[in-house]
Amino acid sequence: MMWQEKIDLLQKNFTPKEFHVLFTDGANILKRIERRFIVKQDATYILTNWADNMKNRRFVHEIAATNFPGIFNLLKHNQAYWFVALIGSGPTSRQYVYSGVPKALQSLASLTSNDFFIVDKQLCWFLYFRRSGDKIEVYKSGEAKTPLDTERLN
């Protein structure tokens with residue numbers, strides 16, 4: 001199943017308030033996130049290789065893949081966050097941004113085996129989820145405390 005078909009299914013399972021595809025605002029939101037949390041290596045390129053270019057990147061947790069769904073329980077259940085999915089591999093992967101509540105984001109994360117990001121909509125924090133075999137490493141950028149900072153996840 002292609003990525004867009006998976007997104008179409010999610011849109012049928014959640015209300016627009018719970019899960020929203022950001023068609024017209026997506027590029028601007030990605031640029032805002034990048035300005036706040038990513039070190040630009042080349043001013044002519046945008047939206048490239050966020051994982052390796054995070055500002056003040058700090059390790060938060062390593063999570064067993066079996067415990068992974070629990071991270072979404074730590075987010076405020078009625079609050080929407082931005083979810084940035086990486087499609088493709090390596091530094092040339094493409095980013096797609098969605099808005100959703102944790103339940104929808106959990107479903108979205110389960111649709112991909114790629115790395116992804118969850119971002120607070122006030123741009124207080126930025127979380128990078130790096131998939132590595134049966135583990136998921138979580139890194140953060142931003143000075144604000146994230147919902148994952150103090151919780152034990154394993």
Side-chain angles (χ1 to χ4, degrees), residues 3-39 46-47 49-87 93-154:
W3 182 251
Q4 189 55 49
E5 292 172 311
K6 294 175 182 180
I7 297 302
D8 291 343
L9 287 175
L10 275 181
Q11 287 181 293
K12 290 177 183 176
N13 292 329
F14 294 99
T15 68
K17 185 177 178 177
E18 293 173 317
F19 178 73
H20 182 67
V21 177
L22 301 164
F23 291 112
T24 56
D25 294 338
N28 288 331
I29 291 168
L30 289 170
K31 287 176 188 176
R32 285 179 48 212
I33 294 169
E34 188 171 69
R35 276 193 304 272
R36 175 76 170 93
F37 297 108
I38 305 300
V39 175
I46 60 166
L47 309 178
N49 202 11
W50 283 8
D52 291 334
N53 296 307
M54 290 172 60
K55 291 179 183 176
N56 197 21
R57 177 176 161 161
R58 294 175 311 284
F59 178 78
V60 179
H61 281 290
E62 183 177 83
I63 306 165
T66 55
N67 294 339
F68 177 63
I71 64 130
F72 296 94
N73 295 331
L74 301 174
L75 300 172
K76 294 181 181 176
H77 75 279
N78 59 349
Q79 182 174 328
Y81 299 88
W82 286 320
F83 183 102
V84 180
L86 297 177
I87 306 301
S93 60
R94 300 236 358 202
Q95 289 104 330
Y96 294 92
V97 64
Y98 305 93
S99 174
V101 297
K103 186 176 180 179
L105 299 185
Q106 180 179 352
S107 294
L108 183 58
S110 71
L111 297 178
T112 181
S113 59
N114 293 345
D115 298 350
F116 63 89
F117 306 92
I118 296 177
V119 185
D120 171 69
K121 285 194 170 187
Q122 281 66 53
L123 298 176
C124 295
W125 50 260
F126 172 97
L127 292 171
Y128 165 48
F129 295 82
R130 182 181 173 274
R131 296 182 187 262
S132 178
D134 61 349
K135 301 280 184 189
I136 298 167
E137 297 170 354
V138 183
Y139 298 89
K140 81 174 206 173
S141 180
E143 296 305 317
K145 186 175 174 181
T146 76
L148 278 65
D149 281 342
T150 58
E151 296 293 329
R152 181 158 173 80
L153 300 171
N154 288 330

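- The one candidate from Y139, Y128, F117 that meets the ring-ring contact (aromatic ring centres under 6.0 Å, His included) condition with W50 is F117.
- Within 6.0 Å of NZ in K17 there are 12 or fewer heavy atoms belonging to other residues, nucleotides or ligands.
- The only option from F126, F116, F72, W125 that meets the ring-ring contact (aromatic ring centres under 6.0 Å, His included) definition with Y81 turns out to be W125.
- In this structure, P69 and Q106 approach most closely via the heavy-atom pair CB-NE2, 3.1 Å.
- Qualifying side-chain hydrogen bond (donor to acceptor under 3.5 Å, both in side chains) partners for S99, counting only residues two or more places apart in sequence or in other chains: K121.
- Rounded to the nearest 0.5 angstrom, D115 CG and S132 OG are separated by 9.0 Å.
- The structure places NZ of K140 at 14.5 Å from CD1 of I118, a figure rounded to the nearest 0.5 Å.
- Shortest non-hydrogen contact noted between L30 and Q95 is CD1-O, 3.8 Å.
- Closest heavy-atom contact between L148 and V60: O-CG1, 3.6 Å.
- Across all their heavy atoms, V21 and I7 have their closest contact at CG2-CG2, 3.5 Å.
- Between F83 and Y98, the angle of the ring planes lies from 30° to 60°, which puts this pair in the tilted group.
- Taking OG of S107 as the start and CZ of F14 as the end, the distance is 3.5 Å to the nearest 0.5 Å.
- Here the shortest heavy-atom pairing between K55 and V39 reads CG-CG2, 3.5 Å.
- Residue P102 comes nearest to L75 through the heavy atom pair CG-CB, 3.5 Å, listed as atom of the first residue, atom of the second, then distance.
- Residues meeting the salt bridge (charged side-chain N to carboxylate O under 4.0 Å, His left out) test with R130, sequence neighbours left out: E137.
- Judged by distance alone, the side chain of N28 and the main-chain N or O of D25 form no donor-acceptor pair under 3.5 Å.
- Remark: the backbone N or O of E18 is paired with a side-chain donor or acceptor of T15 at under 3.5 angstrom.
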